[in-house]
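First the structure, in the form of structure tokens, and then the observations on it.
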Amino acid sequence: MSAINNGYELQEEMRENLLLAESKKDLGNEEYKFKNYTTAIKYYSDAITLCPNVPAFYGNRSACYMMLGDYKQAQNDAKSAVDLDPSFENGFIRIAKCSLMLGDLVGLEQAAKSLLNLNPKSTALNIEIQSMLQLRDLESKSVMSYDKRDFRTTIYHMDSALKIAPSCHRYMLMKAESLALLGHLEEASGIALKVMKSDKKSAEGAFIRGLCLYYMGNLEKCIILFHQTLSHNPDHQKDCGDELLKAGRLEDAYAAYSKALQIDMSNNNVNSKLYYSRALAAYDLKLKRDCARECSSALSIKDDYVEALLLRAKSYFDLEEFEESIKDYENAYKFDKTSQTKTLLREAKMALQKPKTNCYYKTLGISRNATDDEIKTAYRKRALIHHPDRHILLMDDEKQEQAKKFIEVGQAYTVLSDPQKKARYDNGQDLGKLAEKKKDLGNEQYKVKNYQAALKLYSDAILLCPNLPAFFGNRAACHMMLGDYRQALSDAKHSVDLDPNFSKGFIRIAKCCLMLGDLVATEQAVKALLNVEPKSTALSMEVKSVLQLRELEAKGVASYGKKDYRTTVFQMDSALKIAPACQRYKLLKAECLALLGRVDEANDIAVNVMKMDSTAADAVYVRGLCLYFQDNLDKSLIHFQRTLSLDPDHQKAKVWRTKTRQLKEKKDRGNELFKSGKFRDAHTAYTEALQIDELNREVNGKLYYNRALMSYKLDQKKDAVRDCNAALNIKSDYLKAILLRAKCHTELEEYDEAVRDYEQALKVEKTAEIKGLLRDAKFALKRSKRKDYYKILGVNKNATDDEIKKAYRKRALIHHPDRHANSTDDEKKEQEKKFKEVGQAYSVLSDPQKKARYDNGHDIEDSGGDFDPTEAFQRFFFSTNDWKRYGIPFFLTRSKRKDYYKILGVNKNATDDEIKKAYRKRALIHHPDRHANSTDDEKKEQEKKFKEVGQAYSVLSDPQKKARYDNGHDIEDSGGDFDPTEAFQRFFFSTNGGTFNFQFQ
């Protein structure tokens, strides 16, 4: 019972651990989404501690390590995952990816096979497999260049390899060793130290660090490090190479032997064996020429080295250099008189007698007795195997190799399918004369510049005699004249492969490489030519051109870094005058053109390059950039993704892919919000989208229009007009933006601008709808020039008659001249003008017929300057019953009275003393005696004013009369019986006015 309980408790504990582990994994997943990889690793590690048998936990932690660049640890976790679950596909995928980053091609290959065993249709590792092929090619090239002591080229190949496998110690150290041998000791030492920090037991890292110290003169430390190297790996190089050779890792074996040869050049016994071992690796790599050279090195140390003689003889035999092969077999037979050596010697001599007998049959893989049908079947099979279209994804060298084999198969079939040619070929007759004749005819066509005809004749000559370098050289010259520098380069390389001393071949290689912008290859061809002809000056111009191109490249890169794209375009144009077929220069120019907004030009360049090479990553990138600037965001994303599949480290494609995704997301988000009626949120989304890339004018123009539409929906018409202006600054014929701006101007009553916009829209697209809108805008403009009577009265267009009357009464009373009798002259004029406008407005709007015509836009004749607003006012208040309803304004009852305050020149609040002083002043001014010598008219005028002054004083000096006067009542002041002289005398003599001396002059 106790055991059962313990088992139950154990199960419960395991279940709890699993639940807790799952929660830890979920937390890790959340951190992973937010790119907090270190924190995510902690959670995944906790989950593994709780449940160490779940492969997904190791897989997730592996993914985190990969994101942090710790591929070794990621690889270990991925291996743990597949150990726990051999059907865990993601585990094998991660093993393969990590192996690629670490340069472990065998591990990658094994992981890929395991994945395909699980899922034969899987394509998850297609890119990695392609990268593996690229790395194998780069390794092979680097080993060859290292062996030739061309360390710069080795560094170039290793840099290319490190772009694919950035954590590979082998590539780092091979680069470091080449740097050290070139004298770049600090850089080499830095790489070695970096590797040693990562792997303290790295024998190769210690060796290269020691090598750097050796060249720096620090012999003590150098010896310590060499001892350390041997302590980590006593058989440092040779035994390593033997093991690699046994394992079939030929490139690695070749590299190991090469490094071993650098250790002690004086140890002839060991070095001869190392040369032979390296020759074996080269032979297995199908590098027959390199194999023969390595054997020669071994034999230069030990001339009776039978194995080296036999291997070199075999290499020469395969290269169809039968004379050299016979010599080696004869020498070997002297030291090793065996039947096998004797048989090999006899076969070589037979091959020399009939060098062509088995060539074409061997090419097609058939016997000499093959029937016509067998020849056709064999050709069909071999032609399909080597057809160039079948190998478009291979590296350039592999493509060229397959193209060469395809040509050889065609040549073989051309001869063996023709009974006459076959009979002559089988009889050993020389086809050279016929080939020479074809070549001579080709030369004649070349002289008269019929390059296509010459090309065909040279090709016929090559079919007849494919081993003469001059034929390939002549055809290369034709291709050059036709501008096909890649094909010309292929023929020129073939010519020097056939004859390493063919100087014209190296000249054409240099010229083609220069045209293609391959400066390193141009320099190599120049060196090769000088090795053949040390005094040659045939390529002096090309050497100068290489220097010019390097300078232009440097300037172009500098201006590009400063975003001075116009200067970069200028530099690339100059470079293309020297190297017109260089894709790099074309594509850098195209990229700058796209960034300058000249998208069509850039697109043409990119498409033309892609037609020539569909796998050119930079061309696909530039094409994607053009699509991005043309607002084709979906297709641009596809192109950026394809660029990264072709070149995973293409940084520009990564940057623009991210920017494109952000822009697309913001734009799509704005569109969705607009469709759902969330205009303010859509406005915000479009604003955020506009901040992503100011260079993308095509997209920004549409975004400005979209935001303008949102502003219009939000009744922010001024903002809408501003965004329409921005859109039209980018694209002046943007019809939607023109029409929206016109609509906003119309609603803002800016009719002049609206008319201009509709006229512009009509130029872009002549439709009946736009014509109607233009007609309406012109009518609104015309109507806006008239006085707005509704606005003058302060009523809307739907006001009733009663509302119009009330409005008129209110405005007429406000602006009536009598109300402003004491105002300044300017104010009086302004009020009179407004009083007249109010009367005109009422005269139209109160008349149903006039009002209808006015509302329809017709001009209304309102008697012009003859209109009398006072008459209209009086009609309103006195000639109708409206005065009973509204009452008569008080100022109208006193509008005809004299203004006594004005006559005396005092205000209404003047004191009695101020009234007396004012009367005294005015009475003295206008007294008749003062004007005795004036004309009769002036006397009458002064008498009238003297009388008015007296009347004013008689009223305003009497409190009762003044009170009644102020209240608007009429005051009886004796009318015509009033005697101003009597009033004057009363003031001056019967009051305290004082005694005055009146002597008027």
Listed by chain and number, what are the salt bridge (charged side-chain N to carboxylate O under 4.0 Å, His left out) partners of [X], not counting sequence neighbours?
| X | answer |
| --- | --- |
| E109 | R136 |
| D304 | none |
| D199 | none |
| K493 | none |

Does any N or O in the side chain of [X] come within less than 3.5 Å of the main-chain N or O of [Y], such that one atom is a donor and the other an acceptor?
| X | Y | answer |
| --- | --- | --- |
| S495 | F472 | no |
| S145 | S142 | yes |
| R508 | A488 | no |
| S178 | M174 | yes |
| S490 | R486 | no |
| T377 | E374 | no |
| S325 | A313 | yes |

Who pairs with Y413 by ring pair (Phe, Tyr, Trp, His ring centres under 6.0 Å), at least two apart in sequence or on another chain?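 So Y413 forms a ring pair (Phe, Tyr, Trp, His ring centres under 6.0 Å) with Y379.
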
Among residues at least two apart in sequence or on other chains, which ones pass ring pair (Phe, Tyr, Trp, His ring centres under 6.0 Å) with Y305?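 With sequence neighbours excluded, Y305 shows a ring pair (Phe, Tyr, Trp, His ring centres under 6.0 Å) to Y276, given in chain and number order.
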
Considering all heavy atoms of both residues, which atom of [X] and which atom of [Y] are nearest to each other, and what is their separation?
| X | Y | answer |
| --- | --- | --- |
| L179 | A188 | CB-CB, 3.9 Å |
| S297 | S300 | O-OG, 2.5 Å |
| A476 | D491 | CB-CB, 3.7 Å |
| M132 | L100 | N-CD1, 4.4 Å |
| E204 | E177 | OE2-OE1, 3.8 Å |
| L173 | I208 | O-CD1, 2.9 Å |

Measure the shortest side-chain to side-chain distance between [X] and [Y] over non-hydrogen atoms and say whether it is less than 4.5 angstrom.
| X | Y | value |
| --- | --- | --- |
| E294 | C291 | no |
| M101 | P166 | yes |
| E323 | I326 | no |
| L310 | Y329 | yes |
| R170 | E139 | yes |
| L182 | I155 | yes |

For residues [X] and [Y], is any side-chain donor paired with an opposing acceptor at under 3.5 Å?
| X | Y | answer |
| --- | --- | --- |
| E533 | S503 | yes |
| S296 | R312 | yes |
| T153 | Q524 | yes |

Residue pairs fulfilling ring-ring contact (aromatic ring centres under 6.0 Å, His included) with at least one residue in residues 163-184, sequence neighbours excluded: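 Residue pairs passing ring-ring contact (aromatic ring centres under 6.0 Å, His included), neighbours aside: none found.
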
Any chance NZ of K504 has more than 12 other-residue heavy atoms, nucleotides or ligands included, within less than 6.0 Å?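 Atom NZ in K504 is not packed in, count stays at 12 or less.
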
Could you walk me through whether Y146 and L181 pass side chain to side chain contact (heavy atoms under 4.5 Å, CB included), step by step? CA-CA 10 Å; Y146 180 94; L181 294 170; 4.2 Å; yes

Y485 vs H479, side chain to side chain contact (heavy atoms under 4.5 Å, CB included): CA-CA, chis, key distance, verdict: CA-CA 6 Å; Y485 297 105; H479 283 304; over 6 Å; no

If you measure from [atom1] on [X] to [atom2] on [Y], what distance do you get to the nearest 0.5 Å?
| X | Y | atom1 | atom2 | answer |
| --- | --- | --- | --- | --- |
| K404 | H494 | NZ | NE2 | 4.5 Å |
| L309 | D336 | CG | CG | 10.0 Å |
| T363 | I407 | OG1 | CD1 | 12.5 Å |
| T154 | R149 | OG1 | CZ | 10.5 Å |
| L345 | N331 | CG | CG | 10.5 Å |
| L539 | L514 | CG | CG | 9.5 Å |

salt_bridge([X], [Y]) N-O dist < 4.0 Å:
| X | Y | value |
| --- | --- | --- |
| R278 | D147 | yes |
| K437 | D440 | no |
| R289 | E321 | yes |

Under the rule for side chain to side chain contact (heavy atoms under 4.5 Å, CB included), what residues qualify as partners of [X], not counting sequence neighbours?
| X | result |
| --- | --- |
| A111 | I95, A96 |
| A470 | none |
| K456 | D460 |
| Y156 | S160 |

Taking the six-membered ring of Y458, is the NZ or CZ of K439 close enough (under 6.0 Å from the centre) and on axis enough (within 45°)?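 Judged by the rule, K439 and Y458 form no cation-pi pair.
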
Step by step, would you call F317 with L344 a side chain to side chain contact (heavy atoms under 4.5 Å, CB included)? CA-CA 10 Å; F317 187 94; L344 291 170; over 6 Å; no

Where do D373 and K376 land on the salt bridge (Lys or Arg N to Asp or Glu O under 4.0 Å) test, with the steps shown first? CA-CA 5 Å; D373 193 49; K376 286 181 180 179; over 6 Å; no

Check the pair L468, E436 against side chain to side chain contact (heavy atoms under 4.5 Å, CB included), reporting the backbone distance first and the verdict last. CA-CA 10 Å; L468 286 180; E436 282 291 332; 4.2 Å; yes

For the ring pair F322 and Y316, is the centre-to-centre distance below 6.0 Å?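 Centroid distance F322-Y316: not below 6.0 Å, so no.
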
Test side-chain hydrogen bond (donor to acceptor under 3.5 Å, both in side chains) applied to D159 - qualifying residues, sequence neighbours left out: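 K175.
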
